[in-house]
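Heads up, the thing below is written out as structure tokens.
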Amino acid sequence: VLESYRDSIEDIMIASNVGLGILGIYSHSQSYQQLGGFWGKAFQRSTFPVVLSEARDSNSDFDQIKAAWDIAKLGLIFGGIFLATVGRDIIAFLTHNKFTEAYAFCALWMIVLIVQYSGRSEEGVLYANDKGILISWLLFISTCVNIVCLLILIPTVGVMGAVLGQLTLH
């Protein structure tokens with residue numbers, strides 16, 4: 001529920017501090033983040049049993065999951081490089097030049113996704129030790145911190161404040 005309020009606060013802050021046009025470009029750029037996020041979530045769900053089994057093994061160094069996530073992170077890095085180099089042309093073609101400037105955020109979204117998907121081994125340790133409530137509280141706290149960041153950063157540095165604020169989520 002709090003994340004829905006967070007999304008509304010983000011949109012209101014961008015619209016009131018930077019303008020509706022930039023909000024449209026920013027919102028469009030988020031669709032590319034969501035595409036990467038869908039891939040990351042699917043990867044996370046498919047590797048979660050391995051994370052749990054390695055988390056339950058006290059002698060584990062998470063070798064299997066680290067190797068798997070290294071490959072996933074490389075995919076996000078290459079996605080970011082791809083979007084940074086030809087993203088402008090692709091977005092211009094797809095949107096008939098209406099949201100071409102959204103490409104400026106796309107490589108940044110890949111960095112945000114890499115940060116957000118880091119620490120999955122540690123999360124597995126928490127789940128393996130029945131700390132689901134702690135994880136819920138941590139998500140709640142990170143969302144609250146994100147809202148504060150949005151309220152401070154967007155008026156200060158504009159729409160890039162929203163991107164920077166995303167680093168505090170999850």
Side-chain angles (χ1 to χ4, degrees), residues 1-45 51 69-70 72-85 87-88 90-92 94-95 97-127 131-170:
V1 174
L2 186 61
E3 287 189 14
S4 297
Y5 289 119
R6 189 215 70 80
D7 292 343
S8 296
I9 290 168
E10 179 181 57
D11 290 348
I12 291 167
M13 291 298 295
I14 292 172
S16 63
N17 287 283
V18 187
L20 287 174
I22 297 297
L23 175 61
I25 290 169
Y26 177 79
S27 294
H28 181 79
S29 76
Q30 286 181 313
S31 63
Y32 301 99
Q33 178 195 24
Q34 290 170 349
L35 285 174
F38 292 147
W39 181 81
K41 284 181 184 177
F43 189 84
Q44 177 187 358
R45 288 181 182 138
V51 171
W69 274 106
D70 285 348
K73 288 175 187 174
L74 279 175
L76 290 171
I77 290 168
F78 286 126
I81 291 170
F82 177 77
L83 288 170
T85 55
R88 180 183 197 111
I90 291 170
I91 294 171
L94 292 173
T95 66
N97 293 319
K98 290 184 182 174
F99 296 105
T100 305
E101 296 308 311
Y103 91 96
F105 298 105
C106 290
L108 297 174
W109 289 134
M110 296 304 117
I111 294 169
V112 168
L113 287 170
I114 290 169
V115 170
Q116 287 179 346
Y117 285 111
S118 296
R120 295 305 174 187
S121 301
E122 291 80 359
E123 184 182 47
V125 171
L126 292 173
Y127 276 116
K131 301 293 183 191
I133 292 174
L134 175 62
I135 292 171
S136 295
W137 275 107
L138 292 173
L139 289 173
F140 174 78
I141 291 167
S142 75
T143 303
C144 290
V145 168
N146 179 257
I147 290 170
V148 170
C149 288
L150 293 174
L151 294 172
I152 294 170
L153 292 174
I154 292 173
T156 307
V157 295
V159 73
M160 290 306 292
V163 176
L164 293 171
Q166 288 282 336
L167 294 172
T168 64
L169 279 175
H170 310 290

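For the numbers below, each heavy atom of this structure counts, side chains included, while hydrogens, waters and symmetry mates do not.
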Legend entry - Shortest non-hydrogen separation from Gly165 to Leu153 and the atoms involved: N-CD1, 4.2 Å
Inset, instruction - Applying side-chain contact (heavy atoms from CB on, under 4.5 Å), run through Val51 and Tyr127 and close with a yes or a no. - result: CA-CA 10 Å; Val51 171; Tyr127 276 116; over 6 Å; no
Inset, instruction - State whether the side chain of Tyr32 and the backbone N or O of Ala107 hold a donor-acceptor pair below 3.5 Å, judged by distance alone. - result: no
Legend entry - Distance in Å, Glu3 CD paired with Ser8 OG, rounded so as to fall on 0.5 Å steps: 12.0 Å
Inset, instruction - Find out whether Val159 and Ile154 are in side-chain contact, i.e. whether some heavy atom of one side chain is under 4.5 Å from a heavy atom of the other. - result: no
Inset, instruction - Can you see which heavy atom on Ile114 is nearest to which on Ile77, and at what distance? - result: CD1-CG1, 3.5 Å
Inset, instruction - Specify whether Trp69 and Phe43 have parallel, tilted or perpendicular ring planes, treating 30° as the upper limit for parallel and 60° as the lower limit for perpendicular. - result: perpendicular
Inset, instruction - Of all the heavy-atom pairs spanning Leu113 and Gln33, show the shortest one and how long it is. - result: CD1-O, 3.7 Å
Inset, instruction - Indicate yes or no for a side-chain donor-acceptor contact from Ser31 to the backbone of Ser27 under 3.5 Å, with no hydrogens or angles considered. - result: no
Legend entry - Check: Tyr117 side chain, Lys41 main-chain N or O, donor-acceptor pair, under 3.5 Å: yes
Inset, instruction - Could you grab the distance from atom CD1 of Ile147 to atom CG of Asp7, nearest 0.5 Å is fine? - result: 9.0 Å
Inset, instruction - Mind checking the CD1-CG spacing from Ile12 to Leu23? Nearest 0.5 Å is all I need. - result: 10.0 Å
Legend entry - Pairwise distance CD(Gln30) to CG(Leu35) - rounded to 0.5 angstrom: 12.0 Å
Inset, instruction - May I ask you to decide if Trp109's main-chain N or O and Gln166's side chain share a donor-acceptor pair within less than 3.5 Å? - result: no
Inset, instruction - Would you give the length of the straight line joining atom CD1 of Ile9 to atom CD1 of Ile14, rounded to the nearest 0.5 angstrom? - result: 12.0 Å
Inset, instruction - Quick one: closest heavy-atom pair of Val112 and Val163, and the distance? - result: CG2-O, 4.1 Å
Inset, instruction - Taking the side chain as every heavy atom from C-beta outward, state whether Glu122 and Leu126 have any atom pair closer than 4.5 Å. - result: no
Inset, instruction - Please work out whether the ring planes of Phe105 and Tyr26 are parallel, tilted or perpendicular, with thresholds of 30° and 60°. - result: perpendicular
Inset, instruction - Check whether any side-chain heavy atom of Leu139 sits under 4.5 Å from a side-chain heavy atom of Leu2, and report yes or no. - result: no
Inset, instruction - Identify the two heavy atoms, one from Met13 and one from Pro155, that lie closest to each other, and give their separation to 0.1 Å. - result: CE-CG, 3.5 Å
Legend entry - Note, Leu108 side chain near Ser29 side chain (heavy atom, < 4.5 Å): no
Legend entry - Heavy-atom side-chain contact between Trp39 and Leu76 under 4.5 Å: yes
Legend entry - Pairwise distance OG1(Thr95) to CD1(Ile90) - rounded to 0.5 angstrom: 11.5 Å
Legend entry - Smallest separation among heavy atoms of Ala162 and Leu150, with atom names: CA-CD2, 3.7 Å
